[in-house]
Amino acid sequence: MTNTAWTNFRELILVDKVPVCPGITSFYFKAKDGGKLVKHTPGQFLPFKIKTNDPKYKDVLRTYSLSMFPNEYTYRISVKKIEGGLISPYLHENLKIGDSIEAMVPTGLFTIKNKTNDTVLISGGIGITPLLSMLYAESSTRNNIHFIQAVQNSSVHPFKEDIENIANLSGIKNTVFYSSPLAEDKESVDYNYKGYISKEFLKENINLNSDFYLCGPPPFMKSVESHLLELGVNKANIYYELFSS
Ligand SMILES: Cc1cc2nc3c(=O)[nH]c(=O)nc-3n(C[C@H](O)[C@H](O)[C@H](O)COP(=O)(O)OP(=O)(O)OC[C@H]3O[C@@H](n4cnc5c(N)ncnc54)[C@H](O)[C@@H]3O)c2cc1C
């Protein structure tokens with residue numbers, strides 16, 4: 001079997017389904033033909049449709065960022081269930097191990113542009129997925145990376161342990177913002193800062209000559225980008241991915 005890029009659609013089978021935190025589940029896929037997959041470039045996404053005869057879902061295409069270390073054997077996507085949405089609830093509630101999707105080759109331009117520059121990866125909520133893949137890959141060869149994660153609180157804090165382990169092993173910096181900590185959430189243990197990512201925080205803690213990669217809800221990205229531009233960061237050094245279709 002070949003690992004060269006395929007054309008059109010290829011059948012992938014769901015081999016595992018793992019809850020990450022309430023509302024977010026990871027889905028693991030392998031090629032149905034047993035062949036190797038294309039190793040994605042971190043930050044890229046997988047476009048696919050559900051393999052079904054149900055006209056409601058048939059031929060509906062969605063894209064999900066690959067959230068794992070690049071490899072030729074298993075793809076992982078991590079999906080937030082959107083109430084009122086079509087495909088994300090289907091994945092959470094209906095897609096079972098052994099079911100198929102029809103996937104295109106991973107694609108996308110939201111990838112690390114310079115592998116030597118200081119790099120700041122800033123995520124809000126489910127926007128962590130492409131940045132986590134970048135973190136897995138980049139932290140294996142360098143540690144001039146600052147990973148900044150903004151979520152509501154510990155009840156919806158995806159991949160906390162993974163990121164802490166990477167930070168401990170590689171020496172990358174890891175900063176967590178909780179916008180509304182729960183009563184039991186402890187500052188300096190569960191999170192570093194309360195509230196939103198502020199201009200003051202960026203000014204005092206970040207090398208502003210870094211490359212910045214942003215992914216999260218549009219208001220979050222707009223706010224972080226404005227802070228960076230006001231602090232004099234070159235717009236050409238800010239890269240972002242929007243999750244809107
Ligand atoms: C490059 C890229 C990467 C992405 N990566 C991820 C990822 O890693 N993880 C992830 O969870 N998501 C990711 N997304 C988002 C994902 O592709 C879907 O957009 C998301 O899951 C919603 O799809 P859905 O089919 O569930 O909802 P949709 O059916 O597309 O609905 C989306 C929203 O529109 C509303 N809506 C639906 N129908 C109507 C209507 N008739 N009138 C008014 N409102 C309506 C819904 O209530 C919902 O709020 C990514 C998107 C892009 C573009």
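Every heavy atom of this structure was used, including side-chain atoms; hydrogens, water molecules and symmetry mates were not. Every number for a ligand or one of its atoms is a count from 1 in the order of the listing.
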Original post:
Heavy atoms only: which of Val60, Ile82, Leu46 is nearest to atom 48 (C) of ligand 1?
Top reply: Ile82
Original post:
Which ligand 1 atoms, with their elements, are less than 4.0 angstrom from a heavy-atom of Ile126?
Top reply: 9 (N), 10 (C), 11 (O)
Subject >> Interfacing atoms of ligand 1 (cut-off 4.0 Å, heavy-atom, Ser78) >> reply: 7 (C), 8 (O), 9 (N), 10 (C), 11 (O)
Original post:
Relative to the heavy atoms of Val79, which atoms of ligand 1 are at a distance of less than 4.0 Å?
Top reply: 11 (O)
Original post:
Heavy atom of Gly108 under 4.0 Å from ligand 1?
Top reply: no
Original post:
Checking ring-ring contact (aromatic ring centres under 6.0 Å, His included) for the pair Tyr213/Tyr239: CA distance, chi angles, key distance, verdict?
Top reply: CA-CA 5 Å; Tyr213 296 83; Tyr239 306 93; 5.0 Å; yes
Original post:
Are any of the N/O atoms in Leu86 less than 3.5 Å from those in ligand 1?
Top reply: yes
Original post:
So, Glu230 and Lys199, do they make that salt bridge, N to O below 4.0 Å?
Top reply: yes
**OP:** Taking only Lys NZ, Arg NE, NH1 and NH2, and the carboxylate oxygens of Asp or Glu, determine whether Glu187 and Lys194 approach each other closer than 4.0 Å.
**Re:** no
**OP:** Can you sort out which atoms of ligand 1 are near Glu241, meaning under 4.0 Å from one of its heavy atoms?
**Re:** 1 (C)
**OP:** Could you list the atoms of ligand 1 found under 4.0 angstrom from a heavy atom of Pro89?
**Re:** 26 (O)
Original post:
Considering Pro130, Ser65, Gly84, which one's heavy-atom position lies nearest to atom 46 (C) of ligand 1?
Top reply: Gly84
**OP:** Please indicate whether Lys173 has more than 12 foreign heavy atoms, meaning atoms of other residues, nucleotides or ligands, lying under 6.0 Å from its NZ.
**Re:** no
Original post:
Taking only heavy atoms of Leu242, which atoms of ligand 1 are found under 4.0 Å from at least one of them?
Top reply: 52 (C), 53 (C)
Original post:
Does Phe9 have Lys49 sitting over its ring (NZ/CZ under 6.0 Å from centre, angle to axis within 45°)?
Top reply: yes
Original post:
What's the shortest heavy-atom distance between Val79 and His92, and which atoms?
Top reply: O-NE2, 2.8 Å
Original post:
Could you go step by step and tell me if Phe69 and Tyr136 meet the ring-ring contact (aromatic ring centres under 6.0 Å, His included) rule?
Top reply: CA-CA 5 Å; Phe69 191 94; Tyr136 285 132; 7.0 Å; no
Subject >> Residue selection (non-hydrogen contact nearest atom 13 (C) of ligand 1) among Phe110, Tyr90, Tyr64 >> reply: Tyr64
